[in-house]
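Each chain gets a letter, A, B and so on, in the order the sequences are listed, and its residues count up from 1.
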Amino acid sequence: MAFGKGHHLHLIDGSAFIFRAYHALPPLTRKSDGLPVGAVSGFCNMLLRYIDGNDGPDAPTHAAVIFDKGSHTFRNDLYDQYKANRDAMPEDLRPQIPLTRDATRAFNVACEELEGFEADDIIATLSCQAREAGGRVTIISSDKDLMQLVGGGVEMLDAMKNLRIDVEGVEAKFGVGPDRVVDVQALAGDSVDNVPGAPGIGIKTAALLINEYGDLDTLLERAGEIKQPKRRQTLIDHADQIRLSRELVRLDTSMTLPFTLDDLEVRDPDAETLLAFLSEMEFRTLTKRVSDRMGVAAPAVPEPAAPQVEAEVVPFDPDKYEVVRDAAALQVWIDRIVDRGWVAVDTETTGLDDMRADLVGVSLAVEIGRACYIPLRHKAADRDDLFGSDDLAEGQMDFDTCIEMLKPVLEDPSILKIGQNMKYDAKILWRFGINVAPIDDTMLISYAQHAGLHGHGMDTLSERYLDHTPIPIKPLLGSGKSAITFDRVSLDKAAPYAAEDADITLRLWHALKPRLHTAKVTTVYETMERPLVPVLAGMERAGIKVDRQTLSRMSSAFAQKMAGLEAEIHELAGETFNVGSPKQLGEILFDKMGLTGGKKGKTGAYATGADVLEDLATEYDLPARVLDWRQLSKLKSTYTDALQDHINPDTGRVHTSYSIAGAATGRLASTDPNLQNIPIRSEEGRRIRQAFVAEEGKVLLALDYSQIELRILAHIAGIEELKQAFREGQDIHALTASEMFNVPLDEMTPDVRRQAKAINFGVIYGISGFGLARNLRIPRAEAQGFIDRYFERFPGIKDYMADTTAFAKEHGFVQTLFGRKIHTPEISASGPRAGFAKRAAINAPIQGTAADVIRRAMIRMPDAIADLPATMLLQVHDELLFEVDAEAVDTVTQRVREIMENASMPAVNLTVPLTVDAGSGSNWSDAH
DNA sequence: GTACTCACG
DNA sequence: GACGTACGTGAGTACG
């Protein structure tokens, strides 16, 4: 029902709330990182108190918090001194401003602001609209500038004094009715806003004059009749200034707003969203109060440690490293850890697969330069020095005792465990019953700050930030066939290496953690990197069941087909050669058969990529056969053969490993095996997904974001037509085609739509005429024409691209909507590299924001589905795959979809909906 | 170890 | 005006 009679709109003056909160509270900071949060805390308390007071019959049906945005408004154009005497915003308040928006959204209250407008004008316009619709309005503010709006169902409420201000209240304050308030203010001026008014005239005198003459215009016209000479002269001399003052204090009641009253309908807060925000802010009391009220378990608020400000330079010295061989020695270290509240941890194992490798030893560091290694399962050197002995080496601590002693420390919520790539160590330790928490991860701390600048492995970080080359592992393990595992490394070599790793990790933490805040990526790290570690660990541990039989049968079939093709190819070539060798193939095609095609510069080899062969295949059989052979070869070697080798013999499942800090954009990467590139596009390849199956009685459930990157682009670039199309659930590619080629939607042909689709994707990649031409296989000029027409139709996209590259040039990085920074060091390069960097800069905020969204969804997922018989198994960039009890599919789908579709909230309120498609089946192919 | 090719979003 | 170009990944194979 549209807003109207019987409805009651509450409008909260957000800035007033913020300033009141700021001044009312001591300068609180977030414990984990020193982020100032006092005003946010006060703001949340006030919002909560406000919501609590709203359960009576007078409760609002609609409500919004309105904020100021931008320092320049139309009033500055009228009068450049407007608000010029305001003090600059306190430094510790500035970073809290966006957080108050987040807070508002977390409470699920509409949050509105408009660039270049004061909150007062938005409030005025909304009040006016509501009044005209026949509804009531309460403005929660005590700002006298808003009093002109009172009357006709509009009242104000001073929330602090719990005092309602109606027409009488305004008259008591100004001596005139609300309709004459601007006249009085124009005369009296306002020192706070620097409105000049008439010198020497205050509210009392102004009211007297207005009451006598009726209104300001009449007063100024008849100023000559005023008896008091000084007052008369002032009004005559300053008539223009007074009129200007009236323009400054008069609120704009007829703004065009991008939302309607109906959008402001009161909504219940979502417990999970709200609590997530409050605990992220580390508001312990508020979190508890809200969780008690809502009857929901409170999320744990970590008790984090912070490193010392600046560590003095301590040289690396292996002599300061200790080998811990018994419980007494370990107890000394544990006491140190408990005393300090943090510890750097590193595990040494027999391999890189954390699902299978054995734990060999643990190293710890509490203080820079001092570290220990606890050897646990090193093998004794062999007597004949040929095959190692299976006996354990002397002088090691008892394995079970060590685990038993470390467990309480590593699980102690008051002790921070610092690691480099902690997911690995945590997974190893988990296998021995230890749940490592809370954690910090130097790899992720670096990633949040330096994505796009360099890698985040320990060697890179140590070189860059500690100016130290770590002891290499290669000489210890050897390489190739003679390589040994870490348990065969002698203790005297293993200990300095292992202890140094813990020492380096601790030093890196000291060097990098304090910089998170100055780089303004603390929130990125704490909401999108660190919390992902346990989630991914869980997914990797779960693995996915892969049916070996299916793969093996497919391998055989592929092998047969390939043999046939190979014979044909050799026949056509007139000689035998290695079809898998691009070099040999190129020579056959271009030298022997004399087909037209060119060399590629770098190595002088012929290019024989699929695009080249496809062109040749229209006329010749051989390249066509080679294409078929290559497809089969790829499927067999990379998938049907290799996947079988990845089936874990203990679990019968395939356990991928996700790298969190691999892709600069924030995407995850999947390795060993890569489960993010399992075929789907070709019919033949898609069948491989049939081998990914659910356990008996369960199904695989796949949910994927629909068009998430295009939606994000529409939001970021602010393309109204695209946003509208997404809101209405239209076919976005068809719509683009229709707009571009002037074809009505009902006459759309698949080919025109296909071209538009290619353009839409091109836009996300930083489109070029060449690239589009190649993709669509059309002349370059034609492709360029498409692009020109596209930009003409959607100029906002062109602006986005220009703005983004300009931003990258100025700052050296670009950002996602959630604040993730992606550095673009090559943006100012010359030559073709500049082109690469530019396109990457255009793509990164879009791809990165999509990556942030699904990360946020994944982080919330374990709690969201904790009570359901469902396990999250895989992430494929815009898709999540679950294994679910068959009868619970609908419930899980509903729950997961809810989380995914709202994953941006409350941090970012997207102006396009995110929608999620779902499918399920007994295997991954059927789940799509 | 590097280049090429190709699987995915 | 020429130069090369769609964005982000991982893995298998050939080859030096």
Side-chain angles (χ1 to χ4, degrees), chain A residues 451-452 479 577-586 600-614 626-627 629-643 645-646 656-659 662-682 684-686 688-689 704-710 713 758-776 780 783-784 787 801 814 822 824 830-848 850-851 854 874-879:
Chain A
S479 64
F577 68 101
N578 185 350
V579 181
S581 163
K583 186 167 171 274
Q584 294 180 33
L585 175 66
K600 269 256 168 105
K602 273 182 204 158
T603 53
Y606 290 112
T608 65
D611 48 345
V612 176
L613 297 190
E614 273 165 33
V626 173
L627 281 169
W629 182 90
R630 278 205 184 149
Q631 192 197 3
L632 296 176
S633 165
K634 176 76 175 180
L635 294 177
K636 181 171 186 293
S637 67
T638 310
Y639 301 106
T640 55
D641 287 351
L643 273 174
D645 299 336
H646 280 288
T656 186
S657 176
Y658 288 101
S659 47
T665 53
R667 273 198 179 177
L668 302 179
S670 160
T671 61
D672 308 303
N674 181 354
L675 294 186
Q676 290 181 321
N677 72 345
I678 302 303
I680 190 168
R681 291 174 189 169
S682 77
E684 193 104 60
R686 180 189 278 252
I688 289 169
R689 292 188 175 224
D704 66 292
Y705 285 107
S706 162
Q707 310 280 11
I708 185 166
E709 292 191 352
L710 269 180
L713 174 68
I759 296 166
N760 277 333
F761 276 106
V763 163
I764 293 171
Y765 298 150
I767 198 159
S768 76
F770 182 92
L772 183 65
R774 199 172 64 173
N775 190 287
L776 285 177
R780 204 178 143 174
Q784 192 55 53
I787 295 170
M801 293 183 165
V814 291
I822 299 113
T824 55
S830 57
R833 288 191 334 188
F836 277 118
K838 195 177 139 191
R839 290 190 297 273
I842 289 167
N843 172 261
I846 304 168
Q847 188 183 116
I854 198 164
L874 300 180
Q875 187 249 43
V876 191
H877 308 309
D878 64 357
E879 169 187 354

Taking Watson-Crick and G-U wobble contacts under 3.5 angstrom, with | marking pairs to another strand and [ ] crossing pairs, the secondary structure of DNA chain C is written ......|||||||||.
So, does A:Arg839 get its side chain near the phosphate of C:dC7, meaning an N or O under 4.0 Å from OP1 or OP2?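 Result: yes.
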Taking 4.0 Å as the cut-off, does a side-chain nitrogen or oxygen of A:Arg681 come that near to OP1 or OP2 on B:dG9?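 Yes, A:Arg681 has a side-chain N/O under 4.0 Å of OP1/OP2 on B:dG9.
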Once you round to the nearest 0.5 Å, how far does CD of A:Gln847 lie from CD1 of A:Ile764?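 Those atoms lie 9.5 Å apart.
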Rounded distance in Å - [atom1] ([X]) to [atom2] ([N]):
X: A:Gln784; N: C:dT5; atom1: CD; atom2: P; result: 17 Å
X: A:Arg686; N: B:dC8; atom1: CZ; atom2: C1'; result: 13 Å
X: A:Asn760; N: C:dA6; atom1: CG; atom2: C1'; result: 14 Å
X: A:Ile842; N: C:dT5; atom1: CD1; atom2: P; result: 17 Å
X: A:Leu776; N: C:dA6; atom1: CG; atom2: P; result: 14 Å
X: A:Ile764; N: C:dC7; atom1: CD1; atom2: P; result: 13 Å
X: A:Leu713; N: C:dC7; atom1: CG; atom2: P; result: 16 Å
X: A:Asp611; N: C:dT5; atom1: CG; atom2: P; result: 12 Å

Given side chains that start at C-beta, do those of [X] and [Y] come closer than 4.5 Å, heavy atoms only?
X: A:Leu585; Y: A:Leu613; result: yes
X: A:Leu874; Y: A:Thr656; result: yes
X: A:Pro673; Y: A:His646; result: yes
X: A:Ile678; Y: A:Arg686; result: no
X: A:Thr608; Y: A:Arg630; result: yes

How is [X] classified with respect to the nucleic acid when contacts are heavy atoms under 4.0 Å: base, sugar-phosphate, or nothing?
X: A:Asn775; result: base
X: A:Ile846; result: nothing
X: A:Ala758; result: base
X: A:Gly609; result: sugar-phosphate
X: A:Ile680; result: sugar-phosphate
X: A:Ala610; result: sugar-phosphate
X: A:Glu709; result: nothing

May I ask you to establish whether A:Arg839 and A:Phe836 are in a cation-pi arrangement, using a distance under 6.0 Å from NZ or CZ to the six-membered ring centre and at most 45° from the ring axis?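 Yes.
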Using atom [atom1] in both nucleotides, what's the gap between [N] and [M] to the nearest angstrom?
N: C:dG4; M: B:dC6; atom1: P; value: 23 Å
N: C:dA6; M: B:dT5; atom1: P; value: 13 Å
N: B:dA7; M: C:dA2; atom1: P; value: 36 Å

Scoring nucleotides 8-14 of chain C by protein non-hydrogen atoms under 4.0 Å (B base, S sugar-phosphate only, - none) yields BSBSSSS
Could you walk me through whether A:His877 and A:Ile854 pass the side-chain contact (heavy atoms from CB on, under 4.5 Å) check? CA-CA 8 Å; A:His877 308 309; A:Ile854 198 164; over 6 Å; no
Would you say the side-chain atoms of A:Glu684 pair up with the backbone N or O of A:Leu632, donor to acceptor, closer than 3.5 Å?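 Not confirmed, A:Glu684 side chain does not pair with A:Leu632 backbone.
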Residues A:Arg667 and A:Glu709 bridged, charged N to O under 4.0 Å: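 Salt bridge: yes.
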